[in-house]
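Treat the numbers as computed from the prediction; the structure is a model and nothing was measured. Below, each value reflects all heavy atoms present in this structure, side chains not excepted, and no hydrogens, waters or symmetry copies.
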Amino acid sequence: SQPRVLIRYRRVVDAFRALGQVLTAARTAELAADGSNDRALRAPDFVISEKAQFETLALMIDCSRNGVLSVKNVWAMLRNMALMGFNMLQLYTEDTYKVTGEPFFGYLRGGYTQDELRAIDDYAFSLGIEVVPCIQTLGHLGQILQWPRFAGLRDTNEVILSRLPETYELLEKLIAAVSAPLRSKRIHIGMDEAYGVGEGRFRSMFGAQEGTAIFVEHLARVHDICAQRGLRAMIWSDMLFCLAAKNNALYAYYDQSNNPADALSKVEGIPPDVDLVFWDYYHTAPEIYARKIQQHRDLGCDSPWMAGGAWTWSRLWCYLPFSFESNRASLTAAKSPQGRVASFMLTIWGDEGNECDFFSALPVMLYAGNHAYTDRTEIDPAFMENTFSAICGGSLGDWMNASRIDDIPQDADHMDARSQLPSNMSKWLLWEDPMLSFMSPQYATLDLETHYTQIADRLLDCALSSTNSGRSAVPGRSNAVRYPLNRLLRMPGLLARVLSLKCHLRDKLTAPYRAGDRAALLQVVETRLRPLIEAQRELWLYHRSRWHRIYKPFGWETLELRYGGLAARLQTMYDRIVAYSLQQPGSTLRRSRAIGVAAGISRHPALLPQRSRNPSKSGDILSSCGGPIAVLSEASDLPQGESSSSIVLPGPSMSTDEGSGLSVGAVPAWLPATMPDTEPDGAAVSLGWPVTAVATTAAATTATMVTVTDTAAVSAFGGGLSMTAAVDQSEPTMTPFPQHNLHNHHQPSSASSNSHVTTINALGVRELGGEGDFWLQPAPLLPPELDPLAGIPSGIGSLGEETDDIIDCIPELEEDLHCIYENSHTSLLLDYGRVTAPSRLG
């Protein structure tokens, strides 16, 4: 007979927690080498028994620092929460919810509508999870108070003006709006970090008063509003401690000697049915939490809440080791006989723009869930590994390895074991200015390049294969162990690859610069800086894609501005160093007007040196180019007698003050050696945007550059390349193109085939005109036998005003199509490295 599973439970969420444990037992049996676990699972007396240590196990998710989880991703979180045993969800919303009659709430911020909150609540209710509104009613209201509409309600830029009747009219509307679509009769009204309360306009209007008195008075007013709606309120407790100590620093909150009971005895006390939430994410000793919990009871709160944190803020990936350590201490204290805490909350914050993927906190959620269903103080690592694999689908060892992006490889004995802040090295290294690199002296003695290269190699392998890097297969099993959630490790993997190229970059550049070795400087630029530009772009594209999968679109603009600033600085660094190395006379290389898409062309696999996540594995990059190297420069600027094979490698599009163009790698012998002076209709040939033309002959042994400017005719190689044009530097000239010749662009160079070439612009793209529209196709930078598009009908499509419609028809290629609008002309770029069927665009 088939084995049966019997689940007994007290609460609905306990049943889902039990289901998670059944999945864990099955996964453990699957991974067992000798089948012992499998036999144990089928035994008649096999029993799993757990006891919940808390009445409430809550998860709070920050939806106010740019990232607002989409409803479907809130549901995904709820499913994970149920299998882990969480029975409460709080969505922290400062202004990211809709309020009738207050259009600035949620304005350009992705605020939740009433219908969305109701849908979330219904889904959670089916899983046995209570959704509790979590808002702000005193501090952290800067997003609303910034609008002139609320100027009269400001105490400070972040704190609302208490004692003013209009303030409480607004707060009543907020509480009504956020609680109406939810079943819960509880509400979190915030009030944390309200620094400066009573010190701004309040003082000028009502005079100087003691901060604790102002706070308690305001709390009483808001409590009454909640009570009128049948809601039980809770608040963060830090301001009670900070105001009593007259110190806004966190030190005052966590100071063991600071007990605000004396200060509160001088004013009306806290309403007895207001719950205090003690939050502490920083300590690793249980006794510190235990003493502070007792101080909350001294304030008259018989049942304080304990809140720990998953370290997702101010970083790009959750830092798991310290999250485990700090929550182990807080959970141990909360479960102890001295603590006797009935409610524990795990918080996921997104300070500084919410750069972090909140799903990277899943292991911390699981750790808190496992702790909440046992009276033990330690969780078996093997049990954690198996539960994470069974419930979430990831390999805990690999996810722990991802946290190493913020590890500093050095001895940490000097740190205080009782309280320490984990490093967020990866964030600092990513956003620091690459040219100034002010952090480089701090890590000069550390080998961060090897550190980040090893992390990148492992994580990207895991992400691409969705397997465990440390255990590819179970002994006796034919298939590799699958970990589908490991695909999310691509984010920290790409970040580590960027950091492996960016760390020590300035040091590697200053050495040849000081020695006056321009050739060595160029070598560093092309083997280190140019791959960094490409790696940074790939990180940006993936982060953008991931953001739009899990969050609402609002808020991404903040992070994209950071990526854009970094990309611009890297490009400026590249251009200036190349200009110096090539001894450009009195000019600095500037980007062509094709800025932002050159990297897309350089991704063509045949135009790139061997690509590797580890720069040390790239091999001989010069030899991989297979021929003379083209440099965008005036011929007179080339070092005398220097062979082109030692000059610059293919790189991003750049331009001098005299002309612009694209570095395309080895000079192709099949590039048309001549161009006609006129089109059939007699019109002069235009080169479109100013470009640098590259010319060679079959017998040439070195590359020679000819810069085409708006002067008279230029000739090279004794007339081998001749162009007669008065180049319009402001707008490309589109000329008609015979439609029947569209498929013949791969023919060998000849006068007849050249007549079909209208223009080659700085993007390396042919522009082919016809009947008022124009066609775009990749410029033949490769010989026909190597061109991946050879034989495929050319012409991406008839573009113009319909470009956006074309892109909308192929959303799966969104990241592979890059549009540039320049003087009413549209250029479309296809990323060969990712599109496997270009004919899809026919």
Side-chain angles (χ1 to χ4, degrees), residues 58 60 62 64-65 90 92 94 134-142 155-160 162 187-199 210-220 222-223 233-264 267 269-271 274-283 288-301 303-311 313-314 326-327 329-330 333-334 339 341 343-351 419 421:
M60 190 227 73
D62 187 350
S64 296
R65 270 54 175 246
Q90 297 188 14
Y92 175 74
E94 294 172 355
C134 183
I135 63 174
Q136 286 290 356
T137 56
L138 183 58
H140 285 299
L141 288 174
D155 184 357
T156 68
N157 289 338
E158 288 287 331
V159 179
I160 201 167
S162 60
I187 185 172
H188 198 315
I189 55 176
M191 296 194 181
D192 62 309
E193 297 178 337
Y195 304 137
V197 59
E199 299 295 330
E210 204 277 324
T212 300
I214 299 173
F215 182 90
V216 173
E217 176 190 336
H218 180 74
L219 172 59
V222 179
H223 164 265
M234 66 182 75
I235 65 169
W236 307 108
S237 64
D238 55 296
M239 287 308 296
L240 293 171
F241 290 80
C242 293
L243 290 171
K246 302 187 185 315
N247 186 344
N248 287 335
L250 280 179
Y251 173 79
Y253 188 25
Y254 301 129
D255 182 5
Q256 298 292 296
S257 63
N258 178 24
N259 192 331
D262 293 339
L264 286 174
V267 299
I270 303 171
V274 171
D275 294 324
L276 301 182
V277 182
F278 165 46
W279 56 276
D280 186 344
Y281 321 136
Y282 307 99
H283 296 90
I288 295 178
Y289 294 91
R291 285 194 291 268
K292 190 59 67 171
I293 290 172
Q294 182 57 46
Q295 288 182 355
H296 281 70
R297 289 199 170 94
D298 294 342
L299 299 179
C301 181
S303 184
W305 287 50
M306 180 73 241
W311 276 74
W313 59 93
S314 303
S326 58
N327 281 287
S330 61
V341 170
S343 301
F344 184 89
M345 179 191 299
L346 180 69
T347 60
I348 299 177
W349 296 103
D351 300 42
S419 175
L421 299 182

Heavy-atom pair of closest approach, residues [X] and [Y]:
X	Y	value
Ser64	Glu94	OG-N, 2.6 Å
Ile160	Thr137	CG2-O, 3.8 Å
Ala290	Ala333	N-CB, 3.9 Å
Ile348	Ala310	CG1-CB, 4.3 Å
Met306	Ile293	SD-CD1, 4.2 Å
Ser237	Leu276	CB-CB, 4.2 Å

Please list all pairs passing the salt bridge (Lys or Arg N to Asp or Glu O under 4.0 Å) test where one or both residues lie in residues 249-263, with sequence neighbours left out. none
Tell me, do [X] and [Y] make a side-chain contact under 4.5 Å, heavy atoms counted?
X	Y	value
Trp311	Tyr282	yes
Leu219	Ile189	yes
Asn327	Phe344	yes
His218	Leu138	yes
Ile235	Val277	no

What donor-acceptor contacts under 3.5 angstrom involve side-chain atoms of residues 240-248, with partners at least two apart or in another chain?
residue	atom	partner	partner atom	Å
Asn247	OD1	Ala249	N	2.9

Between Asp192 and Gln136, is the side chain to side chain contact (heavy atoms under 4.5 Å, CB included) condition met? List the steps. CA-CA 8 Å; Asp192 62 309; Gln136 286 290 356; 2.6 Å; yes
As a test of understanding, state which of Trp313, Tyr253, Tyr254 forms a ring-ring contact (aromatic ring centres under 6.0 Å, His included) with Tyr281. Trp313
For Asn259 and Leu299, what are the C-alpha separation, side-chain angles and deciding distance, and is it a side chain to side chain contact (heavy atoms under 4.5 Å, CB included)? CA-CA 9 Å; Asn259 192 331; Leu299 299 179; 4.2 Å; yes
Output yes when a side-chain donor or acceptor of [X] lies under 3.5 Å from a complementary backbone atom of [Y], and no otherwise.
X	Y	answer
Asp238	Glu193	yes
Tyr92	Trp349	no
Asp155	Gly198	yes
Glu158	Gly142	yes
Ser330	Gly308	no

Would the number of heavy atoms belonging to other residues, nucleotides or ligands and lying under 6.0 Å from CG of Asn157 be above 12? no
Check the angle between the aromatic planes of Tyr289 and His283 and answer parallel, tilted or perpendicular using the 30° and 60° thresholds.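 Taking His283 first and then Tyr289, their aromatic rings stand perpendicular (interplane angle over 60°).
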Using the side chain to side chain donor-acceptor pair (under 3.5 Å) definition, which of the options His296, Gln295, Gln294 pairs with Asp298?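 Exactly one option meets the side chain to side chain donor-acceptor pair (under 3.5 Å) with Asp298, and it is Gln294.
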About how many Å separate [atom2] of [Y] and [atom1] of [X], when rounded to the nearest 0.5 Å?
X	Y	atom1	atom2	answer
Glu217	Thr212	CD	OG1	12.5 Å
Trp236	His140	CH2	NE2	9.5 Å
Phe215	Glu210	CZ	CD	12.0 Å

Under the side chain to side chain contact (heavy atoms under 4.5 Å, CB included) criterion, do Thr347 and Gln90 qualify, and how do the steps go? CA-CA 9 Å; Thr347 60; Gln90 297 188 14; over 6 Å; no
